[in-house]
Amino acid sequence: MTSTTLLEFARGPALTWATGVFVAGVLWRLVGVALLRTKKDLSEPRNTATWKGLRLIALRSWPRREFLEGTAFGEIMGYTFHLGFLAALLFLVPHVLFFENVFEGLLGFDFSDVFGFTWPTLPTGVVTFLGAVSLAALVAVLIHRLTSPVKRLISNFDDYLSWLLTAAPLATGMLAYAHAGGAPYEVLLAVHILSVEALMIWFPFGKLMHAVTIFAARGSQGMLFERKGASL
Amino acid sequence: MNATTVGEYLRARGVSRREFLIFCTTAASAMALPAALVPRIAEALEKARRPSVIWLPFQECTGCTESITRAHGATIEGMIFDAISLDYQHTLQAAAGTAAEHAREQAMKDNWGQYLLIVDGSIPTANAGYGTIAGVSNLDMLREAAKGAAAIVALGSCAAFGGIPMARPDPTGAVPVSDVIKDKPIINVPGCPPIPVVITGVLMQYLTFGRIPELDALGRPKAFYGQTLHDRCYRRPFYERGEFAETFDDEGARKGWCLYKLGCKGPTTYNACATAKWNGGVSFPIESGHGCIGCSEPRFWDAGGFYRPLSTGNWGTATTVGTAVGVGVALGAAAALAARRRQKDMEKKA
């Protein structure tokens, strides 16, 4: 297999199958939860405007003052990583072209025609910096996890694999940008794409699925709390 | 013309010493050789005996021959090409039929083990009838000629990697030279067509040093194929700044911004277009406003479309993803039903 055929494989069959597993897996998880029977709540609701419980989405996304001492590191690193990762994912020109092609090639419509604006992008240097910061934050949280006795105790295979599969696209993406190691660019690009595909395949089956369920879970829990009259 | 060395031949054609040294300096620069080597190159090249060259064109379009012989006016690199003793090239030679084949056989016999074999075009393997010369299949002719060759130059993407004849659905079972010949040094000089100065540069390197140049993993001379077009592209700063032409006639295109979004394959294409350029150094495709199509890379014809950006996927049809939607929903529904049943059983027990 030449480096060109490796890239062709990564962009073609591997991408198609990884997307297939990703889509099937995510739908399996979502439909499986959505069709579950909800237990009938026979108690008198304390509040009827349960939608107010959606505030929990925002409240749980911000550190609580009383726990700040213990959670500050995780919160700061978590936000740093997530924002850097999202910036790299959503605003790097090659990534934007990929997503626009998903709309056009897979869903059959032009993004800017339908939404009325073109997908914004950031200069490559800015995205590279944010990616590096994001990767550094990921390394920091891993060290924290490994050195904290409690965190180490509650960590399992899922945590470490999810970390690895999240860090790999960031690291390989930056290697590709830097043309590092003397490896041909197409090999670095193929490895980067394959690392993303590994992430997509694992995504529905582990803790990475939180990216899809987190806000729905917090919202539904908040509405339940609101009905019961619990303090949010 | 009775000249036996390249130097004698060039002098007879009126090439001055100054012009010759300028050419040697340019070629040394193109091959990334130090300037201190120029006098040695000039001396070696001048004294080099005109090597016997047999050129076999198979499944090709004659574009490679056109590139070297008709690209622009008379130049020293053109004369260097002329300076070799081209004993067989059925597009260029005057002889035809039996006389031409006899010339090839005679040249092979006289220079057995020493001649340079140039091949352009891929070799059909599905049926001998797809490519024959004087009743001899391309495959047999290549095998026979390769036996007595000192080295083989696979000229153009078809000979080097199979090229367009090998593109899907590959009706002739086309293969590159390296798939047929395993026991001879092969220099791949891909491109559709290759750049004239690259062709002569490779020949000159062989003439000067008497050995094949340093090659990359795909058998290409590193001196010419060591860097991507993207690495040496004058539009690279626009890529770094995120300034891209969106169409071939928008403001970005007029300002000469990066053509990545329009499908340029510069980042994955190894060739000397950005430095050696075409048409006597006038420009190269990106300079003319069109993205690189990656013609010096294997399978460039099938690599996902010339106008599709490199970072996009080659989805083919959406069948797999459509099936995945169905499978995911069905699995989710089945899992939920099973959970409901368990819930009911538990309630009954309670």
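Per chain, numbering begins at 1; letters A, B, ... match sequence-line order.
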Surrounding [atom1] of [X] (heavy atoms of other residues, nucleotides or ligands, distance under 6.0 Å), is the total greater than 12?
{"X": "A/K207", "atom1": "NZ", "value": "yes"}
{"X": "A/W119", "atom1": "CH2", "value": "yes"}
{"X": "B/K182", "atom1": "NZ", "value": "yes"}
{"X": "B/R236", "atom1": "CZ", "value": "yes"}
{"X": "A/F205", "atom1": "CZ", "value": "yes"}
{"X": "A/F157", "atom1": "CZ", "value": "no"}
{"X": "A/F215", "atom1": "CZ", "value": "no"}
{"X": "B/R340", "atom1": "CZ", "value": "yes"}

Counting only non-hydrogen atoms closer than 4.5 Å, does [X] touch chain A with its backbone (N, CA, C, O), its side chain (CB onward), both, or neither?
{"X": "B/D216", "answer": "neither"}
{"X": "B/E347", "answer": "side chain"}
{"X": "B/L218", "answer": "side chain"}

> Which bit of A/I193 comes within less than 4.5 Å of chain B, counting heavy atoms only: side chain, backbone, both or neither?
Replying inline: neither

Winner by heavy-atom pair count (cut-off under 4.5 Å) against chain A, out of [options]:
{"options": "B/G328, B/A334, B/A330", "value": "B/G328"}
{"options": "B/T323, B/L337, B/T228, B/L310", "value": "B/L310"}
{"options": "B/A333, B/A338, B/G294, B/G242", "value": "B/A333"}
{"options": "B/E297, B/H230, B/Q343, B/E246", "value": "B/Q343"}

What option among [options] has the most heavy-atom pairs under 4.5 Å with chain B?
{"options": "A/P13, A/A34, A/P184", "answer": "A/P184"}
{"options": "A/N101, A/L27, A/L92", "answer": "A/N101"}
{"options": "A/R37, A/E8, A/E186", "answer": "A/R37"}
{"options": "A/G125, A/P204, A/A24, A/G32", "answer": "A/A24"}

> Between the side chains of A/Y177 and B/E240, does any donor sit under 3.5 Å from an acceptor?
Replying inline: yes

State, to 0.1 Å, how close [X] and [Y] come at their nearest heavy-atom pair, and which atoms those are.
{"X": "B/V321", "Y": "A/T19", "result": "CG2-CG2, 4.0 Å"}
{"X": "A/Y185", "Y": "B/Y270", "result": "N-OH, 3.1 Å"}
{"X": "B/A335", "Y": "A/W28", "result": "CB-NE1, 3.9 Å"}
{"X": "A/L97", "Y": "B/P309", "result": "CD1-CB, 3.7 Å"}
{"X": "A/L36", "Y": "B/A339", "result": "CD2-CB, 3.4 Å"}
{"X": "A/P94", "Y": "B/Y239", "result": "CG-OH, 4.2 Å"}

> About how many Å separate OG1 of B/T320 and CG of A/L15, when rounded to the nearest 0.5 Å?
Replying inline: 10.5 Å

> Side-chain contact, heavy-atom cut-off 4.5 Å: B/R241 with A/T124?
Replying inline: no

> Do A/R11 side-chain atoms and B/S311 backbone N/O form a donor-acceptor pair below 3.5 Å?
Replying inline: no

> Hey, does the side chain of A/R29 reach the backbone of B/G332 with a donor-acceptor pair shorter than 3.5 angstrom?
Replying inline: no

> Which residues in residues 251-269 of chain B have any heavy atom lying under 4.5 Å from a heavy atom of chain A?
Replying inline: B/Y260, B/K261, B/P267, B/T268

